[in-house]
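Notes to accompany the following structure.
The basis for the numbers below is simple: all heavy atoms, side chains too, and nothing from hydrogens, waters or symmetry mates. Remember, it's 1-based here, ligands and their atoms both numbered in the order they're listed.
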Amino acid sequence: MTKVKESEAVLAINGGEPVRKAPLPWELPGAHWIGDEELELVGKVVKAQSPFRFYGLDSQQMVTKVEETFTKRWNRKHALGVSSGTAALRIALAAFNVGPGDEVLLPGYMWVSCIGAIVLQGAIPKLVDIDETFCMDPNDMAAKIGPKTKAVLVVNMSGAPGHIEKITKIAHEKGVKVLEDCAQACGSSQNGKPAGSHGDIAIFSFQLNKNITSGEGGLILCDDDTLYKRCVAIHDLGYARSNEGRLMPNDENFQMWGFGCRLNELAGAMLLAQLGKLDKITGAMRSAKWKIRRALEGTPGLEFRNIIDPEGDSGPFLITMYPSKEKCLEFTKALQAEGIKGPEGSLTCIPMSDWGMHWYYNNPSLVKKRSISADGFPWSHPANEFGKSISYEKGALPKCDELAERSAMLAIASTLSDKDVDDIIAAFKKVAAQVLA
Ligand SMILES: Cc1ncc(COP(=O)(O)O)c(C=O)c1O
């Protein structure tokens, strides 16, 4: 059979034969790998009738083992399992003593939890633009640090860090704490240093969409003893615990309030099993993603996200950029028509403008400065008067707005076959030859 030239093939969107008909696998990286190892460890907890981490009939210490694995691999002094990434962010900011009168810098491309953690702590979020790394732009961040800046929340988005070293250095020179959000980048690294090594506190999420998952779960890493002890008390009931796992309300150093966000042993068991598979999961995504990316590099009109260290990319997303918003939408629709999409309900291949609350201006509670108390806290707090003039409407971050409109993302499942990869490359080339020519 003679092969039709890509520039002459009829696009599926125009009635031609699609590159493939079967859906690509679901994204949800860690979920595909849940199996016997998880079952065995969860079974141990169930058989021991001990699902609570601090004591029980026959504690299996699953959460402790997860924490030990993290401290060793990430080369950090302390790790603390918590109930979610959202909880981890809140606990970290509380441990930093962030409150009314403070502002916390964060990038315009992030997740709603990042904003919520700042607002619920009583502080004012201050947006920072992103660059082609799709993470915080260090220059805009340096320009935005002011006398009220207590912390910077750096988010390692879509699988890989941006200019994390530079940002940490600038923040620390100005006496500002760094909270490193690795929810979307567990197992990634940059120049040999794992994501999660830089922040005064680093956090992870193990929700279903993440590189490893226990359904729900989170973790905090730090080196400072006092910060760690504050996190322990705050994640729990506001007090320290004894070696026997009993609350110690009389320790005057840790008489606070707690969020009630402990990690349970069942989730700990799932995580311990998933941690053993982390490199396989990220390795599979990285190798498929970079095979696709290398095959497409040099295609006229197609640009790629700046990944500072490809070797350390954890690989769950391929982000492409187009000359205009219109081209981006046209390209993505044509790609989907070629069969480059996941099962019904998945978000496998989308223009990034459809990526919801990852973009600051798509968060109505932020734009409208909503509160969960009748007094309008924290926006109404006298110490936050300076926040009144801040606008969170679209237009606040020009580069972020531009990238959101002319970029698209393809989720790279952790179980893509060689055929899936070849189809993705073929579809991109076929569409590019006509839409970008
Ligand atoms: C960047 C980022 N931060 C924080 C979170 C919150 O994690 P969780 O869903 O575990 O609360 C997420 C997850 O959705 C995330 O993507």
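Taking the six-membered ring for Trp and the full ring otherwise, Y360 and Y392 have centroids separated by 6.0 Å or more. Ring pair W290/F304: centre-to-centre distance not below 6.0 Å.
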Output a table of donor-acceptor pairs, distance under 3.5 Å, between side-chain atoms of residues 123-134 and any protein atom two or more places apart or on a different chain; print 'none' if there are none.
{"from": "K126", "atom 1": "NZ", "to": "E103", "atom 2": "OE2", "distance (Å)": "3.3"}
{"from": "K126", "atom 1": "NZ", "to": "K144", "atom 2": "O", "distance (Å)": "3.0"}
{"from": "D129", "atom 1": "OD1", "to": "C400", "atom 2": "N", "distance (Å)": "2.8"}
{"from": "D129", "atom 1": "OD2", "to": "K399", "atom 2": "N", "distance (Å)": "3.0"}
{"from": "D131", "atom 1": "OD1", "to": "T133", "atom 2": "N", "distance (Å)": "2.9"}
{"from": "D131", "atom 1": "OD1", "to": "T133", "atom 2": "OG1", "distance (Å)": "2.5"}
{"from": "D131", "atom 1": "OD2", "to": "H163", "atom 2": "NE2", "distance (Å)": "3.3"}
{"from": "E132", "atom 1": "OE2", "to": "K399", "atom 2": "NZ", "distance (Å)": "2.7"}
{"from": "T133", "atom 1": "OG1", "to": "C135", "atom 2": "N", "distance (Å)": "3.1"}

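Between W355 and F317, the ring planes are perpendicular. Angles over 60° get that label, and only those under 30° would be called parallel.
Sorted by chain then number, the residues whose non-hydrogen atoms approach ligand 1 to under 4.0 Å are S84, G85, T86, L89, W111, S113, V155, D181, A183, Q184, S205, Q207, K210, G217.
Shown here are the salt bridge (Lys or Arg N to Asp or Glu O under 4.0 Å) partners of D401, two or more places apart in sequence or in another chain: there are none. By the salt bridge (Lys or Arg N to Asp or Glu O under 4.0 Å) test, R294 is found to be paired with E297, residues two or more places apart in sequence or in another chain being considered.
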